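Here's the structure, in structure tokens; my notes come after.
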Protein chains: 2
Amino acid sequence: MIPSINMVTTKEILDTIESGGHRPTASRRRVLDAVVARGDGFTAEELVAEVKGLGRATIYRTVRLLLKEGLLCKLSLQDGAPRYTLFHRLGHHHHLVCVGCGVVQEFRQSVIEQMLMNLEASGTGTIMGHRIEVYVLCPACLPKVGS
Amino acid sequence: MIPSINMVTTKEILDTIESGGHRPTASRRRVLDAVVARGDGFTAEELVAEVKGLGRATIYRTVRLLLKEGLLCKLSLQDGAPRYTLFHRLGHHHHLVCVGCGVVQEFRQSVIEQMLMNLEASGTGTIMGHRIEVYVLCPACLPKVGS
DNA sequence: CTACTAAATGATACCTAGTATCAATATGGT
DNA sequence: ACCATATTGATACTAGGTATCATTTAGTAG
């Protein structure tokens, strides 16, 4: 694997977990290996299927822990179970999800932050967060679907 | 009730359903009354609780029908069951959800459509749809939360 | 009005995704 | 090695929703 600014290793994540006061156990290492190998756009249930020999509860707990520590993003899609992606070091971003294969890309658009400031200024309330997901057919899936 | 451009009545919805080849039954009328009375930000389970004497399946089927006919918007929030809102005649819009009371407002921002065109032009794929939800504390809820 | 056909319904069982409980086990610190 | 605590797995449970299928109801032709 070619290292990149976005590369995240199991060890890095484990260190973050440990510095948050949680133990870097063998079970967590195994879940993390699967998460890192899988990268983006996986569901909790897919981890359960991939990481044999660990209880479902442990895997769900690990996912919750990673979310709490800010290491995963949760995408609540229109249908089906939420999908998770590693939170890369891109900082705040939005998601581009392929409706064909489920691959998730990230993007940033400063115009969005600008729009949110305008919205808040218009008196609708104090903005606590936002979620932006764009559904695409990626170049690989487009031909499969036909017209 | 003061009529407005966004007002939607049970009868109007029932007519739309009928013109889609579905029967305007008594059960559907009762669900629609609850939907219209409730307006925005309700869950399917809330309808089940409000509309006594109808089977759960019927209520879920009616919600599915309304979604298919484009009369409801589905909001898949970060946690909990999806919430539904009447699709008012505002046309395409986005949602502003109060994290305190669940009230949903709609907004439009042409800057978003512009951004999406730029995104598509950058070659990431063919855009099939998008979802934008902004979480706010509405002016009524802000004082309740404190700092 | 009656009969017919298809749509709609309710009860039920079932399913998926996820959480709570709690006894057993593993971990880090001393 | 020992202790306190975190973690784990098995299990039962919950929420939210769907599939099945016998029964009922709505529209329609006579």
Side-chain angles (χ1 to χ4, degrees), chain A residues 10-11 13-35 38 41-69 71-85 102, chain B residues 10-11 13-35 38 41-69 71-72 74-84 102:
Chain A
T10 301
K11 185 172 179 318
I13 300 175
L14 221 47
D15 287 349
T16 307
I17 285 178
E18 192 162 14
S19 68
H22 306 282
R23 293 176 181 169
T25 64
S27 303
R28 286 176 176 159
R29 198 180 332 263
R30 292 193 52 208
V31 175
L32 288 177
D33 283 339
V35 165
R38 184 60 192 265
F42 55 88
T43 64
E45 214 56 40
E46 285 167 2
L47 290 181
V48 171
E50 275 172 37
V51 184
K52 314 276 192 212
L54 293 191
R56 285 166 52 76
T58 298
I59 292 180
Y60 275 92
R61 281 190 285 240
T62 304
V63 168
R64 227 185 312 164
L65 177 62
L66 293 174
L67 273 179
K68 206 183 61 183
E69 296 293 318
L71 295 161
L72 286 185
C73 304
K74 179 178 181 179
L75 286 91
S76 307
L77 305 180
Q78 198 70 4
D79 290 296
R83 304 191 85 83
Y84 300 92
T85 75
Chain B
T10 301
K11 186 175 177 315
I13 299 175
L14 221 46
D15 288 349
T16 307
I17 285 179
E18 193 163 12
S19 68
H22 306 282
R23 294 176 181 170
T25 63
S27 302
R28 285 175 178 159
R29 200 180 329 263
R30 293 191 53 208
V31 175
L32 288 177
D33 282 340
V35 165
R38 185 60 192 267
F42 56 87
T43 64
E45 215 54 41
E46 284 167 3
L47 291 182
V48 171
E50 274 172 38
V51 185
K52 313 277 191 211
L54 293 190
R56 284 167 53 77
T58 297
I59 291 181
Y60 276 92
R61 279 189 285 240
T62 304
V63 168
R64 228 185 311 163
L65 176 62
L66 293 174
L67 272 179
K68 205 181 63 184
E69 296 293 318
L71 295 162
L72 286 185
K74 179 178 182 180
L75 286 91
S76 308
L77 305 179
Q78 199 69 4
D79 290 296
R83 305 190 86 82
Y84 300 92

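In what follows, chains are A, B, ... by sequence order, proteins preceding strands, each numbered from 1. Quantities reported herein were computed from a predicted structural model and do not represent experimental measurements. Heavy-atom basis, side chains included; hydrogens, waters and symmetry copies ignored.
- Residue Ala26(B) is classed as having no contact, given no heavy-atom separation below 4.0 Å to the nucleic acid.
- Taking 3.5 Å as the limit, the base of dG9(D) and the side chain of Arg56(A) contain no donor-acceptor pair of atoms between them.
- Gly53(B) comes within 4.0 angstrom of sugar-phosphate atoms only, judged by non-hydrogen atoms across all strands, and of no base.
- Between Arg30(A) atom CZ and dT7(D) atom P the separation is 18 Å, expressed in whole Å.
- Ile59(A) has its CD1 atom 10 Å from the P atom of dT8(D), to the nearest Å.
- Once rounded to the nearest 0.5 Å, the distance linking CG of Leu47(B) with CG of Leu54(B) reads 10.5 Å.
- Residue-level contact check: Arg28(A) touches the backbone only, with heavy atoms under 4.0 Å from sugar-phosphate atoms and none from bases.
- Leu54(A) places its CG atom 16 Å from the P atom of dT11(D), with the value rounded to the nearest Å.
- Straight-line distance from the CZ atom of Arg64(B) to the P atom of dG16(D): 17 Å, rounded to whole Å.
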Please evaluate residues Val35(B) and Leu71(B) with respect to the criterion side chain to side chain contact (heavy atoms under 4.5 Å, CB included), reporting the C-alpha separation (whole Å), side-chain torsions for both, the decisive distance (0.1 Å), and the verdict. CA-CA 11 Å; Val35(B) 165; Leu71(B) 295 162; over 6 Å; no
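- Nearest-nucleotide mapping onto DNA chain D: of Pro82(B) and Glu18(B), the residue sitting toward the 5' end is Pro82(B).
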Run the side chain to side chain contact (heavy atoms under 4.5 Å, CB included) check on Asp79(A) and Lys74(B) step by step: do they pass? CA-CA 10 Å; Asp79(A) 290 296; Lys74(B) 179 178 182 180; 3.4 Å; yes
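- Fit an axis to the five pairs at each end of the helix from dC1(C)-dG30(D) to dT30(C)-dA1(D) and the two axes sit 30° apart, to the nearest 10 degrees.
- In this structure Thr10(A) satisfies the side-chain hydrogen bond (donor to acceptor under 3.5 Å, both in side chains) test together with Asp33(A), sequence neighbours excluded.
- Nearest approach of Leu72(B) to Phe42(B), heavy atoms of both residues: CD2-CZ, 3.9 Å.
- With rounding to whole Å, Tyr60(A) atom OH is found 19 Å from dT7(D) atom C1'.
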Within the 4.0 Å limit for protein heavy atoms, which parts of nucleotides 20-25 of chain D are touched? Write it as a string from 5' to 3', B for base, S for sugar-phosphate only, - for none. B----B
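- For residues 13-31 of chain B, every residue pair satisfying the salt bridge (charged side-chain N to carboxylate O under 4.0 Å, His left out) rule, not counting sequence neighbours, is listed here: Lys11(B)-Asp15(B).
- By the salt bridge (charged side-chain N to carboxylate O under 4.0 Å, His left out) test, Glu46(A) is found to be paired with Arg38(A), Arg83(A), residues two or more places apart in sequence or in another chain being considered.
- Nearest heavy atoms, Val51(A) versus Ala34(A): CG2-CB, 3.6 Å.
- The nearest pair of heavy atoms linking Pro24(B) to Leu14(B) is CB-CG, 3.7 Å.
- Separating the NE2 atom of His22(A) from the P atom of dT8(D) is a distance of 11 Å, rounded to the nearest angstrom.
- A straight line from CG of Leu65(B) to C1' of dT18(D) spans 16 Å, rounded to a whole angstrom.
- Nucleotides of DNA chain C with any atom under 4.0 Å from a heavy atom of chain A span, from 5' to 3', dA17(C) to dG28(C).
- Atom C1' of nucleotide dG16(D) and atom CG of Asp79(A) are separated by 13 Å, given to the nearest angstrom.
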Which donor-acceptor pairs under 3.5 Å do side chains of residues 60-68 of chain B form with protein atoms, sequence neighbours excluded?
| unit_1 | atom_1 | unit_2 | atom_2 | d |
| --- | --- | --- | --- | --- |
| Tyr60(B) | OH | Glu45(B) | OE1 | 2.3 |
| Thr62(B) | OG1 | Thr58(B) | O | 2.8 |

